[in-house]
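These numbers come from a predicted model, not from an experiment. Chain letters run A, B, ... following the sequence lines, proteins first, then strands; residues in each count from 1.
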Amino acid sequence: MLRVITKELTPMSDEKTEYTISDLAKEFEITSRSIRHYEDEKLITPTRRGVHRIYSARDRVRLQLILRGKRLGFSLAEIKEIIDLYGVEGEQRQTERLLELINVRRESLKQQLKDIKYLLNEFDVLEEKLTSEHQAK
DNA sequence: CTTCTTACA
DNA sequence: TGTAAGTA
């Protein structure tokens, strides 16, 4: 069932700590379906023991980064880009790229905010029109 | 009973 | 993402 091959004798770090897909799903409150999906998208690459997936502490960290990126509104492709930059030519490029994506995200949110404000105003105008029309009758 | 793959919604 | 189906 829910057994971790090696566990919490050392709160963290042990690269020998392994998790099953259900361990991680439960810990992060997501479904195993999502975790498998992230693997399909190449964001995580768990090892296999036969046909079963085995996740390392490192995989767990990557999963955390994926979930954090999602909360910030980034796509899996963008998250993958950032994660894959870790360890490459230092973290210089990773930081630069992250900053770039943050700006892209910021602009997107600004546009959405404009659209929402416009829509709210449209509703106000329409509502008033309908209201006065109703009273006229 | 849990995990896996595949495929459709 | 969820879920159904058929396995291992």
To the nearest Å, how far apart are [X] [atom1] and [N] [atom2]?
X	N	atom1	atom2	result
Glu39(A)	dT3(B)	CD	P	14 Å
Arg49(A)	dC4(B)	CZ	C1'	16 Å
Arg33(A)	dT3(C)	CZ	P	11 Å
Ile21(A)	dA8(C)	CD1	C1'	16 Å
Leu24(A)	dT3(B)	CG	P	11 Å
Lys26(A)	dT2(B)	NZ	C1'	14 Å
His37(A)	dA7(B)	NE2	P	16 Å

Does Gln111(A), at its CD atom, have more than 12 non-hydrogen atoms belonging to other residues, nucleotides or ligands within less than 6.0 Å? yes
For Gln92(A), is the CD atom crowded, meaning more than 12 foreign heavy atoms sit under 6.0 Å from it? no
Any strand: nucleotide that pairs with dT2(B) via Watson-Crick or wobble, under 3.5 Å: dA8(C)
Looking only at side-chain atoms of Arg48(A), point me to the closest of dT5(B), dT3(B), dG2(C). dT5(B)
With heavy atoms under 4.0 Å as the rule, sort Ser32(A) into base, sugar-phosphate or nothing. nothing
Within the 4.5 Å heavy-atom criterion, are Gln112(A) and Ser108(A) side-chain neighbours or not? yes
With no angle test and no hydrogens, is the base of dT5(B) tied to the side chain of Arg36(A) by a donor-acceptor pair under 3.5 Å? no
Asp23(A) side chain to Thr20(A) main-chain N or O, any donor-acceptor pair under 3.5 Å? yes
